[in-house]
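Atoms considered below: every heavy atom in the structure, side chains included; atoms not considered: hydrogens, waters and symmetry mates. First the proteins, then the strands, lettered A, B, ... as listed; each starts at 1.
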Amino acid sequence: MPIEIPMDKWPGAIRTITLGATAAEGGTRSRTITVGGEKSLPFLHFESEMPNPPAIAVEIKDRRPDDWSPLLLKAWGEAAENPVSWAKAAEAAGADLIQLSLSLTDAAGNPNTPQAAVAAVKATLAACGLPLLVFGPGQAEMDNELLVAVAEATKGERLVLGLCEDKNYRTIVATAMANGHLVSARTPMDVNLAKQLNILISDMGFPLDRILMDPTTGALGYGIEYGFSAMERLRLAALQGDSMTQLPMIVTPGFEAWKAKESKVGEGVPEAWGDWLGRAINWETLTATALLESGADILVLRHPESVRRLNTVIADLMAAPVTA
Amino acid sequence: MALSGIQIYKLLPQTNCKDCGFPTCLAFAMKLAAKQVELSACPHVSEESKAQLAESAAPPIRLVVLKSDGYEVKAGNEVVLFRHEKTFYNKPGLFIRVHDSQTPEEIKAKVAHADGFKVNYVGIDLVLDGFAVASVSGDAAAFSAAVTAVRQASHRPLILMSRDPEILAGGLQAVDGESPLIYGADAQNWEAMADLAKKHHAALAVIASTLEDLADLTEKIKSRGVEDLVLDPGGRTFGPALTNSTQIRRLALKKNFRPLGYPVITFPGDVGDPTLEPMLAAQSIAKYAGFIVMDQFAPEAIYPLLVLRQNIYTDPQKPIQVQPGLYEINNPKPEDPVLVTTNFSITYFSVANEVEGSGLPAWLVVTDAEGMSVLTAWAAGKFDAERIAKAVKGFSVADKVSRKRVVIPGHVAVLSGELEEELPGWEIRVGPREAVDIPTFMKQAL
Ligand code: B12
Ligand code: SF4
């Protein structure tokens with residue numbers, strides 16, 4: 001019998017945002033990455049073409065991290081000693097983007113400095129041609145101090161600077177505006193809060209096509225359902241025409257999943273948890289898969305095997321629909 | 001779709017005889033539409049109208065229940081495309097597949113291990129739902145031997161897989177009296193399969209590679225008298241599987257399209273790459289599967305899948321909570337430490353499990369934070385000095401302990417000053433931020 005598939009006709013679309021700039025565009029990247037542009041819910045090619053695949057960013061640090069799971073340190077090995085080798089290894093592992101997370105202190109425990117941050121960012125840019133996201137350590141004052149210096153030293157690169165939150169966004173947005181960068185705007189799993197922050201940022205005169213929106217997520221078992229639904233609601237609001245939610249979404253399943261005890265701890269856990277490494281990678285990849293299905297445009301991951309798996313899944317989801 | 005009061009009215013006798021207890025047929029129709037009365041209250045309604053009303057009252061996605069001795073697995077009856085619109089109701093059944101080319105010993109070992117698998121997540125024991133037995137040998141005796149082997153190791157519901165009715169017949173005999181799922185009926189074998197399903201009170205999976213063919217087949221099978229159907233629209237990789245399940249769900253919910261108003265079954269192992277199997281199963285959980293058949297049984301993959309299923313199927317209106325109160329962990333004595341946390345299940349169990357696992361005794365004060373995590377509750381004003389003090393007093397903690405000292409979560413260190421004022425005579429200590437670090441903290445700092 002003939003079947004008419006119900007199609008959603010959405011008035012709205014997600015903005016298209018390009019990360020990174022090549023030499024011709026005023027930067028030094030060997031390639032740029034474009035995300036967004038969706039006109040329907042994720043991967044529903046029968047309804048409308050999905051112009052850009054979701055991108056994978058690999059999170060690296062400016063120095064060997066003290067608090068990461070030993071499984072991650074083992075996977076990256078020597079490469080994790082410094083951002084240069086780490087960025088190269090991440091690119092080889094299949095990253096589209098590099099997220100450099102700046103540490104709060106140096107290895108000796110002294111506070112990070114703008115000079116050190118700039119040096120780390122410049123070295124990473126020189127080592128690897130992928131577009132870069134630079135995130136502060138997550139303390140307002142330090143974030144502002146480091147990111148302003150980084151933004152000025154890398155004018156025109158179209159880096160993504162993060163995090164902008166409701167209590168701390170002005171300084172970062174201002175420097176991104178002055179130096180031709182993008183920002184990542186994070187709010188805690190709520191459609192209205194996300195909208196509000198985007199409005200505040202664009203009210204400063206910052207163009208919407210330079211904002212990525214991070215709706216926050218929890219790991220599997222630690223609140224993923226809230227993030228999942230917040231993303232579905234944001235995407236639906238955007239497609240329904242709400243311009244302040246029509247921004248590509250970036251989420252951090254790597255950070256969240258590797259914070260969970262299931263990934264962090266290998267001993268003294270229930271036998272039913274199974275093999276530690278297998279479980280940890282499943283924790284990250286299953287968190288990421290659920291978020292991909294709910295509208296993520298950029299997934300920030302940590303383990304190289306997770307990157308491989310997600311790349312395969314994204315390629316499959318992006319493939320032209322098979323009409324049997 | 002459910003009929004409106006007016007549509008129902010048109011199907012009633014329209015005589016206003018009042019035998020139903022309502023003044024008019026219209027009044028009765030309105031109550032029916034609001035599901036406040038039963039149709040049986042009207043003694044005069046025609047058989048034809050009854051059938052139409054029953055049809056319209058049926059859920060858009062049929063509830064299919066597989067049963068075995070002491071167990072059942074339900075799928076279907078879903079009403080929304082997105083969980084935030086209401087909730088997802090029936091968690092997809094997770095099954096593990098074995099083959100009749102394996103020896104009975106191999107089958108029993110795998111099944112026994114999976115059958116006994118149990119993992120605790122926020123106080124809930126999560127388990128697998130059942131097993132699928134697939135005929136690959138093409139031999140009827142081997143198939144029923146495999147079914148018997150599974151039954152010796154587990155009593156959970158079964159999915160019996162073969163396209164050959166004769167092979168299936170033997171397997172069905174071995175589980176007589178249960179309601180398994182037969183997989184399955186296709187364009188060639190559907191008549192014999194439908195008859196088998198009817199005879200054994202089994203549900204029947206219907207297999208076709210286009211939605212059109214699938215719909216044709218379910219209609220034919222339904223008219224042969226089998227209504228508990230499950231759909232396999234094909235599509236073994238991520239993209240096609242997502243398209244199929246989305247289209248089927250939309251047709252059922254938005255168009256009340258009966259021929260596809262059944263739960264969907266998926267086989268993530270068929271994706272080929274074993275490392276992708278759990279990810280395709282995750283997609284199936286998020287996007288509308290009713291039954292999921294896995295090839296690998298690996299605790300490190302099953303545990304996260306069971307948790308994901310639990311999370312996605314949590315009612316968005318009701319965070320999972322525990323009862324506020326004073327909890328005793330590892331038989332604490334009066335001199336043992338007092339810890340404070342919130343009544344969000346995930347929070348409570350992160351803390352309780354750490355303390356319990358360390359073997360150290362402690363009193364755990366669980367405050368009524370309306371089911372929110374530490375920081376969420378703090379940001380929402382549901383976990384402040386006042387509430388903590390109220391809990392400490394309300395649960396008469398002072399009567400149970402000899403040392404008046406409470407430990408608060410590291411994330412809310414800012415509360416310590418205020419709490420000192422609210423709880424005069426108590427020493428306030430700030431604990432670590434993460435629960436994993438509590439045992440070390442208790443050993444070293446308390
Ligand atoms: C899921 C979530 C929600 C869910 C709620 C889930 C729930 N039932 O609580 C929703 C979406 C509803 C939500 C709402 C809000 N949220 Co919220 N949310 C989160 C999120 C993503 C995860 C929280 C979580 O579940 N963590 C897991 C649990 C287990 O952690 P936990 O309770 O802290 O417990 C750990 C430790 O504290 C420790 N611990 C616990 N007890 C104890 C006890 C002792 C003695 C010790 C030593 C340790 C200890 O052990 C646990 C494991 O390590 C966080 C961000 C994040 N990724 O962490 C934001 C976050 C908590 N939310 C935040 C905010 C601001 C809000 C809102 C106020 C936003 C708004 N205005 O709407 C609302 C408030 C709610 C309301 N008004 O109704 C902020 C809080 C910011 C701050 N520092 O003040 C956060 C941090 C996000 C952010 N970065 O901005 N949120
Ligand atoms: S009993 Fe039936 S026919 Fe009589 S008033 Fe009620 S609905 Fe109408």
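With a 4.5 Å cut-off on non-hydrogen atoms, A/P188 does not touch chain B at all. Contacts of B/Y313 with chain A are absent, with no heavy-atom separation under 4.5 Å from either backbone or side chain. Heavy-atom distances place the side chain of B/Y121, and not its backbone, under 4.5 Å from chain A. Of the atoms belonging to A/V265, it is side-chain heavy atoms, and not backbone ones, that fall under 4.5 Å from chain B. In this structure, no portion of B/Q310 lies under 4.5 Å from any heavy atom of chain A. If you measure heavy-atom distances from B/L276 to chain A, the contacts under 4.5 Å come from the side chain alone. The parts of B/A215 that come within reach of chain A are both its backbone and its side chain, each placing non-hydrogen atoms under 4.5 angstrom from that chain. Heavy atoms of A/L310 lying under 4.5 Å from chain B belong to its backbone as well as its side chain. In this structure, chain B has heavy atoms under 4.5 Å from both the backbone and the side chain of A/T285. Contacts between B/L260 and chain A at a heavy-atom distance below 4.5 Å involve the side chain alone, from C-beta outward. Proximity to chain A (any heavy atom under 4.5 Å) is restricted, for B/V436, to the side chain, taken from C-beta onward. Neither the backbone nor the side chain of A/L277 comes within less than 4.5 Å of any heavy atom in chain B.
The local environment of CD in A/E271 is sparse, with at most 12 non-hydrogen atoms from other residues, nucleotides or ligands closer than 6.0 Å.
Here the shortest heavy-atom pairing between A/L286 and B/A282 reads CG-CB, 3.8 Å. Taking all atoms of both residues into account, the shortest heavy-atom contact from A/A272 to B/F117 is O-CE1, 3.3 Å. The nearest pair of heavy atoms linking A/Y222 to B/S350 is CE2-OG, 4.3 Å. Between B/L308 and A/A290, the closest heavy-atom pair is CD1-CB, 4.2 Å.
The shortest distance between side-chain heavy atoms of B/M279 and A/N282 does not fall below 4.5 Å. Side-chain contact between A/L44 and B/R250 is present, with heavy atoms from C-beta onward closer than 4.5 Å. Contact of the B/L211 side chain with the A/I5 side chain is registered, since non-hydrogen atoms from C-beta on lie closer than 4.5 Å. The side-chain heavy atoms of A/M1 and B/F257, taken from C-beta on, include a pair separated by under 4.5 Å.
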Intermediate values then yes/no, side-chain contact (heavy atoms from CB on, under 4.5 Å), A/I3 and B/Q247: CA-CA 10 Å; A/I3 294 179; B/Q247 292 184 341; over 6 Å; no
Audit row: B/K254, A/D8, side-chain contact (heavy atoms from CB on, under 4.5 Å) steps and yes/no: CA-CA 11 Å; B/K254 292 188 160 186; A/D8 288 328; 2.6 Å; yes
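Salt bridge A/R233/B/E85: absent, no basic N to carboxylate O contact under 4.0 Å. Between A/K261 and B/E354 there is a salt bridge, since at least one side-chain N of the basic residue sits less than 4.0 Å from a carboxylate O of the acidic one. The pair B/E277-A/R309 fails the salt-bridge criterion, with no side-chain N (NZ, NE, NH1 or NH2) lying under 4.0 Å from an Asp/Glu carboxylate O.
Using modelled atom types, one finds a donor on one side chain and an acceptor on the other under 3.5 Å when comparing A/E262 with B/Y303.
Here the side chain of B/N311 pairs a donor or acceptor atom with the backbone of A/G221 at under 3.5 angstrom. Of the possible polar contacts, none joining the A/R279 side chain to the B/P299 backbone as a donor-acceptor pair under 3.5 Å is found. A donor-acceptor contact shorter than 3.5 Å is absent between the side chain of A/D275 and the backbone of B/E300. Checked by atom type and distance alone, the side chain of A/D316 never pairs as donor or acceptor with a backbone atom of B/T237 at under 3.5 Å. Checking side-chain atoms of B/K255 against main-chain N and O of A/E4 turns up a donor-acceptor pair under 3.5 Å.
Per-residue counts of heavy-atom pairs under 4.5 Å with chain A were compared for B/L280, B/T275, B/T376; the largest is that of B/T275. Ranked by heavy-atom pairs shorter than 4.5 Å toward chain A, the options B/D213, B/V307, B/I302 are led by B/V307. Interface check for chain A: of the options B/P278, B/G357, B/P316, the most heavy-atom pairs under 4.5 Å are formed by B/P278. Interface summary for chain A: among B/L242, B/I285, B/T314, the most heavy-atom pairs under 4.5 angstrom belong to B/L242. For the options A/P6, A/S229, A/P2, heavy-atom pairs under 4.5 Å to chain B are most numerous at A/P6. If you tally non-hydrogen atom pairs under 4.5 Å between each of B/L251, B/V119, B/D273 and chain A, the highest count goes to B/L251. When each of A/K264, A/E305, A/K259, A/R308 is scored by its heavy-atom pairs under 4.5 Å with chain B, the top score falls to A/R308.
The structure places CZ of A/F46 at 6.0 Å from OG1 of B/T246, a figure rounded to the nearest 0.5 Å. Rounding to the nearest 0.5 Å places NE2 of B/H84 at 15.5 Å from OH of A/Y226. Remark: A/E293 CD to B/Y288 OH distance equals 10.0 Å, nearest 0.5 Å.
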